[in-house]
Amino acid sequence: MTEKVKKKPRARIILIVCAILVVLLLAADILVGNYLVTFAIGRSSASGAAVAPPSVTSKETNNIVDINAKAMSEKTAAWLETAGVSEVSITSDDVLLLKGSTVRAPEKSDLWAVIIHGYTGRKEHMANYAAYYAERGFNVLLPDMRGHGGSEGDYIGMGWLDRKDVLKWIDLIISEDPAAVITLHGVSMGGATVMMTAGEALPDNVKAIVDDCGYTSVWDIFSDELQYIFGLPTFPFLNTASVIAKLRAGYTFEEASALEQVKNAKVPMMFIHGSEDNFVHTEMVYRVHEACPTDKELYVAEGAGHGGAVYVDPDVYFGRIFAFFEKHGIL
């Protein structure tokens with residue numbers, strides 16, 4: 001009898017200790033998940049430099065990129081000296097003031113390019129792209145995505161919330177130019193944004209979409225970065241962070257899928273990626289390209305790292321894009 005009495009308290013203690021450990025683990029999981037949301041999509045703390053791994057591009061490629069980037073910047077500066085830049089804004093569905101800039105072509109044109117920056121970027125970073133579009137007679141709209149630049153927003157949308165914002169920017173163009181012929185061009189997070197936008201009901205004015213190094217989904221890119229930066233497994237930390245992101249920012253990492261959205265695309269799409277992209281891994285572009293049901297083209301720039309396709313050879317880069325537009329009667 002005495003031995004049975006002793007066993008009962010011991011078993012109770014073990015159960016209590018186990019319960020405490022479970023509670024502590026759950027608390028730790030929630031704390032880590034909350035931190036990850038702040039780190040990854042909180043406006044004040046997200047840092048592109050902190051999450052990008054060291055480039056694996058060759059020294060020769062880096063030299064070419066530096067030379068071309070300098071030449072493009074000089075070309076852009078000369079263009080901006082004479083270009084008339086106007087500030088514009090829209091209000092998002094969740095009542096955020098989003099700001100952007102437009103540059104009108106010197107001569108009357110209904111051609112429009114909406115050019116979208118990447119993670120922790122801003123509209124000014126896309127000026128080099130805008131200069132090439134302007135040279136071909138396009139009016140250009142450069143938006144600051146929510147949580148970036150001059151736009152409001154405490155959280156980065158990672159393309160998912162931004163897809164609805166892009167629809168608003170498109171409506172703004174059409175309200176000023178009902179005959180507008182619109183193309184969308186995004187790089188990195190901007191590439192994911194235009195792919196996610198592709199799955200929405202687009203006005204007939206939108207004629208083509210260009211994705212440059214966009215990721216397949218927020219879940220995929222964050223899972224990769226979670227392991228790279230923190231050495232943590234996807235489960236349970238990213239699962240918890242995704243739930244917290246829904247509560248704090250309004251979306252889960254699972255639902256924010258460019259791969260699923262491109263399956264519903266209705267307009268021609270061009271997919272661009274660097275062959276040496278070790279941030280948004282090159283394999284992702286093959287998956288989204290294969291999933292797209294519309295007329296499409298794939299350009300993998302040999303030797304280019306993340307976002308570097310344009311700088312490896314800008315003439316080939318834009319030559320391929322504008323040839324694609326010509327094929328579809330845009331130019």
Side-chain angles (χ1 to χ4, degrees), residues 48 51-58 60-62 64-65 68-69 72 113 115-121 125-126 128-129 132-133 158-159 162-163 183-199 208-225 228 256-263 265 267-325 327:
V51 299
S55 173
V56 294
T57 54
S58 69
E60 180 184 4
T61 297
N62 292 338
I64 292 170
V65 165
N68 288 336
M72 288 180 71
I115 307 175
I116 301 174
H117 64 75
Y119 180 71
T120 72
H125 295 164
M126 307 309 291
N128 284 345
Y129 298 81
Y132 274 82
Y133 274 93
M158 297 303 297
D162 308 286
R163 79 195 196 284
T183 61
L184 309 179
H185 185 147
V187 179
S188 193
M189 187 190 82
T193 299
V194 298
M195 286 192 285
M196 292 175 184
T197 306
I209 293 174
V210 180
D211 152 54
D212 183 345
C213 65
Y215 39 80
T216 48
S217 71
V218 174
W219 179 270
D220 289 345
I221 191 66
F222 280 179
S223 177
D224 187 59
E225 289 304 297
Y228 166 71
S257 173
L259 182 62
E260 292 303 314
Q261 285 289 98
V262 295
K263 293 177 182 178
V267 301
M269 295 189 66
M270 183 167 186
F271 299 89
I272 302 172
H273 223 95
S275 69
E276 304 304 312
D277 192 339
N278 64 330
F279 184 24
V280 177
H281 297 288
T282 307
E283 63 88 15
M284 288 189 178
V285 76
Y286 296 106
R287 292 167 61 193
V288 292
H289 175 261
E290 183 179 355
C292 178
T294 66
D295 191 77
K296 56 196 175 184
E297 184 172 324
L298 174 63
Y299 168 44
V300 177
E302 190 60 38
H306 184 64
V310 68
Y311 296 109
V312 166
D313 194 328
D315 291 335
V316 170
Y317 182 93
F318 287 105
R320 296 283 294 263
I321 290 171
F322 295 141
F324 186 70
F325 290 171
K327 175 184 175 182

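For the numbers below, each heavy atom of this structure counts, side chains included, while hydrogens, waters and symmetry mates do not.
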*Cut-off 3.5 Å, side chains only: do Tyr317 and Asp212 have a donor facing an acceptor?*
yes
*Determine whether the side chains of Thr282 and Asp277 contain a donor N or O and an acceptor N or O closer than 3.5 Å.*
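Note: Thr282 and Asp277 side chains miss the donor-acceptor criterion.
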Write down the atom of [X], the atom of [Y], and the distance for their closest heavy-atom approach.
{"X": "Ile272", "Y": "Ala309", "value": "CG2-CB, 3.8 Å"}
{"X": "Ala192", "Y": "Ala258", "value": "O-CB, 4.2 Å"}
{"X": "Ser217", "Y": "Ser257", "value": "CB-CA, 3.8 Å"}
{"X": "Cys213", "Y": "Gly307", "value": "SG-N, 3.6 Å"}
{"X": "Ala52", "Y": "Tyr228", "value": "O-OH, 4.1 Å"}
{"X": "Gly118", "Y": "Ser188", "value": "CA-CB, 4.3 Å"}

Looking at [atom1] of [X] and [atom2] of [Y], how far apart are the two atoms once the value is rounded to the nearest 0.5 Å?
{"X": "Glu283", "Y": "Thr216", "atom1": "CD", "atom2": "OG1", "value": "6.5 Å"}
{"X": "Tyr311", "Y": "Thr57", "atom1": "OH", "atom2": "OG1", "value": "14.0 Å"}
{"X": "Ile115", "Y": "His125", "atom1": "CD1", "atom2": "NE2", "value": "14.5 Å"}
{"X": "Ile221", "Y": "Phe279", "atom1": "CD1", "atom2": "CZ", "value": "5.0 Å"}
{"X": "Asp211", "Y": "Lys296", "atom1": "CG", "atom2": "NZ", "value": "13.0 Å"}
{"X": "Thr193", "Y": "Gln261", "atom1": "OG1", "atom2": "CD", "value": "11.5 Å"}

*Check the pair Met158 / Tyr215 against side chain to side chain contact (heavy atoms under 4.5 Å, CB included), numbers first and verdict last.*
CA-CA 10 Å; Met158 297 303 297; Tyr215 39 80; 3.2 Å; yes
Side chain to side chain, [X] and [Y], heavy atoms closer than 4.5 Å:
{"X": "Tyr132", "Y": "Met72", "value": "yes"}
{"X": "Leu259", "Y": "Arg287", "value": "yes"}
{"X": "Val65", "Y": "Val312", "value": "yes"}
{"X": "His185", "Y": "Met126", "value": "no"}
{"X": "Val285", "Y": "Leu298", "value": "yes"}
{"X": "Ile116", "Y": "Val194", "value": "yes"}
{"X": "Tyr129", "Y": "Phe318", "value": "yes"}
{"X": "Ile321", "Y": "Tyr133", "value": "yes"}

*Which residue pairs pass the salt bridge (charged side-chain N to carboxylate O under 4.0 Å, His left out) test with at least one member in residues 297-311, sequence neighbours excluded?*
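Those involving residues 297-311 are Glu297-Arg320.
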*Residue list, side chain to side chain contact (heavy atoms under 4.5 Å, CB included) with Ile64, at least two apart or on another chain*: Glu60, Asn68
_If the condition is salt bridge (Lys or Arg N to Asp or Glu O under 4.0 Å), which residues does Glu276 pass it with, not counting sequence neighbours?_
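Salt bridge (Lys or Arg N to Asp or Glu O under 4.0 Å) check on Glu276 returns nothing, list empty.
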*With no hydrogens and no angle check, is any side-chain donor or acceptor of His273 less than 3.5 Å from a backbone partner on Val280?*
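Present.
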*Test item: Ser275 side-chain N/O and Gly303 main-chain N/O as donor-acceptor pair under 3.5 Å*: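 Yes; at least one donor-acceptor contact below 3.5 Å.
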*After noting the C-alpha distance and the side-chain angles of Lys327 and Asp295, does the key distance pass the side chain to side chain contact (heavy atoms under 4.5 Å, CB included) rule?*
CA-CA 10 Å; Lys327 175 184 175 182; Asp295 191 77; 3.2 Å; yes
*Evaluate the criterion side chain to side chain contact (heavy atoms under 4.5 Å, CB included) for residue pair Leu184 and Thr197; output intermediate values, then yes/no.*
CA-CA 9 Å; Leu184 309 179; Thr197 306; 4.0 Å; yes
*asked:* Any carboxylate oxygen within less than 4.0 angstrom of a Lys/Arg side-chain nitrogen, looking at Glu260 and Lys263?
replied: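 So Glu260 pairs with Lys263 through a salt bridge.
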